[in-house]
Amino acid sequence: MPHRQHSQRRLTPDEALAELVAGNQRYLDASIPPLDYSVARAAAVEEHFPTAAILGCGDARIGAELIFSCGPGDLFMVRLAGNFLSDYGLASMEFCVEFLDVPLLMVLGHSGCGAVTSAIRVVENGEDLPGRLFVLIDALEPSVLHAKMSNPDDLLAATIEENVRRQVRRLRTISPVINAAQTDGRVKVVGAIYDMTTGKVNVLD
Ligand SMILES: [Zn+2]
């Protein structure tokens, strides 16, 4: 994905999503053209106009830049355990919309998530955790409980999806900045799940 210069037309939300889907296909096909991540190339990205802002998980093994075959400056990344939308994460997304003109916000969960696995274990066993870990579990617990209600064959997969959908709903509703941009058609919020065994990103309806 060539870096977009300020003079170029801004992508629509749908065009931005299509670019990510195409980039993931290049990743699946192992047909990624050589991407220049050198200091000189990164430093040349003076104006920053990312194609998308992505809320991803810290233990997703590889970064979204690789999953979507993106170069320096193409993505704005927010990563933390369990891709939960924290207040700081939300502010980062608002920053992207307000100051960087980003057309697409994505919540990207992944299969085999260690953070969600831990949350399920703690919720099911009623464990106490040291330090600030309870904050993480509290954030993920509603998704665990909601997923359990449907009695799924695979509680981990169901919780991962429920958590992504929940964060998407929050991103779509709780921010006046993002609300206004959605109303104007400047921004779309989507959820997706990266399958670590195949490399494919499935965009949720
Ligand atoms: Zn994870």
Side-chain angles (χ1 to χ4, degrees), residues 1-24 26-27 32 35-110 113 115 139 163-164 166-182 184-194 201-204:
M1 194 183 302
H3 182 70
R4 211 165 309 285
Q5 300 300 313
H6 196 32
S7 57
Q8 289 181 275
R9 186 177 67 85
R10 180 185 179 279
L11 292 179
T12 66
D14 287 337
E15 287 169 342
L17 181 58
E19 282 214 2
L20 293 194
V21 170
N24 181 236
R26 288 195 297 277
Y27 176 66
I32 304 173
L35 292 169
D36 183 356
Y37 281 102
S38 67
V39 174
R41 176 68 183 85
V45 185
E46 291 172 355
E47 290 185 294
H48 195 204
F49 299 100
T51 300
I54 298 185
L55 171 61
C57 180
D59 78 332
R61 310 304 194 275
I62 64 170
E65 291 88 346
L66 294 171
I67 295 168
F68 292 117
S69 313
C70 288
D74 288 334
L75 299 179
F76 184 107
M77 289 304 306
V78 178
R79 290 184 76 173
L80 82 178
N83 43 271
F84 179 76
L85 185 66
S86 69
D87 223 25
Y88 290 101
L90 177 58
S92 294
M93 292 294 185
E94 289 182 335
F95 169 73
C96 286
V97 171
E98 191 75 9
F99 291 99
L100 302 182
D101 220 10
V102 171
L104 183 70
L105 309 180
M106 175 182 280
V107 180
L108 181 62
H110 68 100
C113 180
N163 180 47
V164 169
R166 194 168 284 256
Q167 307 320 316
V168 167
R169 275 201 301 277
R170 296 177 65 226
L171 257 183
R172 282 176 178 167
T173 54
I174 64 178
S175 160
V177 173
I178 298 171
N179 286 349
Q182 288 178 111
D184 295 347
R186 287 184 286 122
V187 160
K188 236 179 204 181
V189 181
V190 298
I193 295 173
Y194 166 62
V201 173
N202 295 300
V203 179
L204 300 179

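Residue numbers count from 1 along this sequence. Keep in mind the model is a prediction, meaning the values are calculated, not measured.
- V107 pairs with exactly one of L171, I193, L85, N163 by the side-chain contact (heavy atoms from CB on, under 4.5 Å) rule, that one being L171.
- Annotation: side chain of I178 is in contact with side chain of L90 (closest heavy-atom distance under 4.5 Å).
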Exercise for the section: Check the pair V102 / F95 against side-chain contact (heavy atoms from CB on, under 4.5 Å), numbers first and verdict last. Expected result: CA-CA 9 Å; V102 171; F95 169 73; over 6 Å; no
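- Side-chain atoms of R79 do not come within 3.5 Å of backbone N or O of G56 as any donor-acceptor pair.
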Practice task
List the steps and the verdict of side-chain contact (heavy atoms from CB on, under 4.5 Å) for M93 and V177.
Solution key: CA-CA 9 Å; M93 292 294 185; V177 173; over 6 Å; no
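- Here the CD1 atom belonging to I174 is positioned 8.5 Å from the CD atom belonging to E94, to the nearest 0.5 angstrom.
- Between C57 and N83 the shortest heavy-atom distance is CB-OD1, 3.4 Å.
- No side-chain heavy atom of P103 sits under 4.5 Å from any side-chain heavy atom of V187.
- Contacts of S92 classified as side-chain contact (heavy atoms from CB on, under 4.5 Å), with partners at least two apart in sequence or in another chain: F76, V78.
- Considering only residues two or more places apart in sequence or on other chains, D14 meets the side-chain contact (heavy atoms from CB on, under 4.5 Å) condition with T12, K188.
- V97 has its side chain within reach of L105: a pair of non-hydrogen atoms, C-beta onward, lies under 4.5 Å apart.
- Nearest heavy atom pair, residue A16 against residue T51, reads CB-O, 3.6 Å.
- The two residues G82 and A115 come nearest to each other via the heavy atoms N-CB, 3.5 Å.
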Exercise for the section: Assess whether side-chain contact (heavy atoms from CB on, under 4.5 Å) is satisfied between L80 and L55, documenting all intermediate values. Expected result: CA-CA 8 Å; L80 82 178; L55 171 61; 3.9 Å; yes
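- Atoms CG and CE, on L104 and M106 in that order, are 5.5 Å from each other to the nearest 0.5 Å.
- With contacts defined as side-chain heavy-atom distances shorter than 4.5 Å, the pair F84/R170 qualifies.
- Proximity of a side-chain donor or acceptor of Q182 to a complementary backbone N or O of R172 within less than 3.5 Å is detected.
- In the displayed structure, D184 atom CG is contacted under 6.0 Å by more than 12 heavy atoms of other residues, nucleotides or ligands.
- Between the CG atom of N24 and the CD1 atom of I67 there is a distance of 7.5 Å, given to the nearest 0.5 Å.
- One finds the CD atom of E98 at 9.0 Å from the OG atom of S175 (value rounded to the nearest 0.5 Å).
- Looking at I54 and F68, their side chains come closer than 4.5 Å, going by heavy atoms from C-beta outward.
- L20 is not listed as a side-chain neighbour of V201, based on a closest heavy-atom distance of 4.5 Å or more.
- Between L100 and P50, the closest side-chain pair of non-hydrogen atoms falls below 4.5 Å.
- Under the 3.5 Å distance criterion, the side-chain polar atoms of R10 are matched with a main-chain donor or acceptor of R186.
- No side-chain heavy atom of L204 sits less than 4.5 Å from a side-chain heavy atom of V190.
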